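Reading through the structure tokens given below for one structure.
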Amino acid sequence: MPLSDVRARIARAAEEAGRSADDVTLIAVSKKQPEDRIRRVLDDGHRDFGENRVQEAQGRWPGYRAEYDGIRLHIIGPLQTNKARQAMELADAIHSVDRPKLAKTLARLAQEIGGCPDLFVQVNTGEEEQKAGVMPAEADGFVADCRALDLPVRGLMCIPPVDEEPALHFALLAKIAKRNGLEGLSMGMSADFESAIALGATHVRVGSAIFGDRPSEA
Ligand SMILES: *Cc1c(COP(=O)(O)O)cnc(C)c1O
């Protein structure tokens with residue numbers, strides 16, 4: 001689907017929710033996508049991109065940054081502490097802060113580097129064993145701990161279980177964010193970004209709807 005169609009759908013969803021489309025950042029998730037598809041989106045003027053692996057991001061985004069101004073890179077996948085420094089130096093935002101050890105590492109590195117990307121705390125809203133994120137019941141405490149470490153927590157992120165109604169998870173994430181005074185809501189993917197916008201998403205992470213199926217998964 002052309003980028004302009006996704007943008008139009010976002011605008012319509014925002015309008016229906018009585019929100020401004022300017023309050024919704026479209027993150028084009030480029031993981032595993034071939035270079036020609038990414039360039040097409042860059043040449044269309046899009047600047048927010050998401051990658052879920054630091055290594056893959058490191059392999060191509062410094063090059064694109066040298067060619068295109070104003071790129072904002074979002075790390076959206078699980079982050080190992082030994083990749084944290086690389087992620088911080090590479091990215092403008094990290095959406096997957098999900099455990100105390102990572103928070104402490106980010107805080108130490110932020111001191112050392114003298115800055116920190118915008119951070120989102122990932123909440124495991126479906127309480128799935130195999131999924132990253134803090135449990136909903138632990139989210140308030142974890143956000144407080146991150147703030148005590150002076151980390152710039154901007155919002156929350158979730159990935160709903162595949163077999164459940166995503167709206168329930170988006171609503172839960174919005175509720176947790178609200179009671180913690182957080183404005184950012186990173187939620188909604190190709191299949192459900194309109195529903196996420198209806199429930200307050202400020203960042204939607206859309207991959208296949210923009211780029212087509214990821215080649216290795218097609
Ligand atoms: C891959 C991925 C997306 C995008 O998924 P699509 O279904 O292709 O839109 C969004 N968020 C995260 C965390 C991802 O890993």
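Atoms within a ligand are numbered from 1 in the order they appear, just like the ligands themselves. Here the structure is a predicted model, which is why all the values come from computation and not from measurement.
Using a 4.0 Å heavy-atom cutoff, R214 is listed among the residues neighbouring ligand 1.
Distances from atom 1 (C) of ligand 1 to the heavy atoms of Q33, M189, K31, H95 show the closest one on K31. Taking each of S30, S190, A209, P78 in turn, the one with a heavy atom nearest to atom 9 (O) of ligand 1 proves to be S190.
With R47 contributing its side chain and D69 its backbone, the two residues share a donor-acceptor pair below 3.5 Å. Judged by distance alone, with hydrogens and angles left aside, the side-chain atoms of D192 form no donor-acceptor pair with the main-chain N or O of S195 at under 3.5 Å.
Using modelled atom types, one finds a donor on one side chain and an acceptor on the other under 3.5 Å when comparing D48 with H74.
Close approach to V206 involves these atoms of ligand 1, each under 4.0 Å from a residue heavy atom: 9 (O). Interface of N52 with ligand 1, defined as ligand atoms under 4.0 Å from a residue heavy atom, comprises 15 (O). Proximity to R205 (heavy-atom distance under 4.0 Å) selects the following atoms of ligand 1: 4 (C), 9 (O), 10 (C), 11 (N), 12 (C), 13 (C). Contact atoms of ligand 1 toward G207: 4 (C), 6 (P), 8 (O), 9 (O) (distance under 4.0 Å to a heavy atom of the residue). When each atom of ligand 1 is checked for a heavy atom of I159 under 4.0 Å away, the hits are 13 (C).
Partner S30 forms a side-chain contact (heavy atoms from CB on, under 4.5 Å) with one of R60, R37, E35, R214 and no other, that one being R60.
Residue contacts with ligand 1, taken as heavy atom pairs separated by less than 4.0 Å, involve I76 via backbone and side-chain atoms alike.
Between E56 and K31, none of the side-chain N atoms (NZ, or NE/NH1/NH2) sits under 4.0 Å from a carboxylate O, so this pair counts as no salt bridge. Using a cut-off of 4.0 Å between Lys/Arg side-chain N and Asp/Glu carboxylate O, D44 and R40 are scored as not salt-bridged.
Atom CZ in R53 sits 8.5 Å away from atom CD in Q80 (nearest 0.5 Å).
Backbone and side-chain nitrogen or oxygen atoms of V29 are examined, and none is located within less than 3.5 angstrom of a nitrogen or oxygen of ligand 1.
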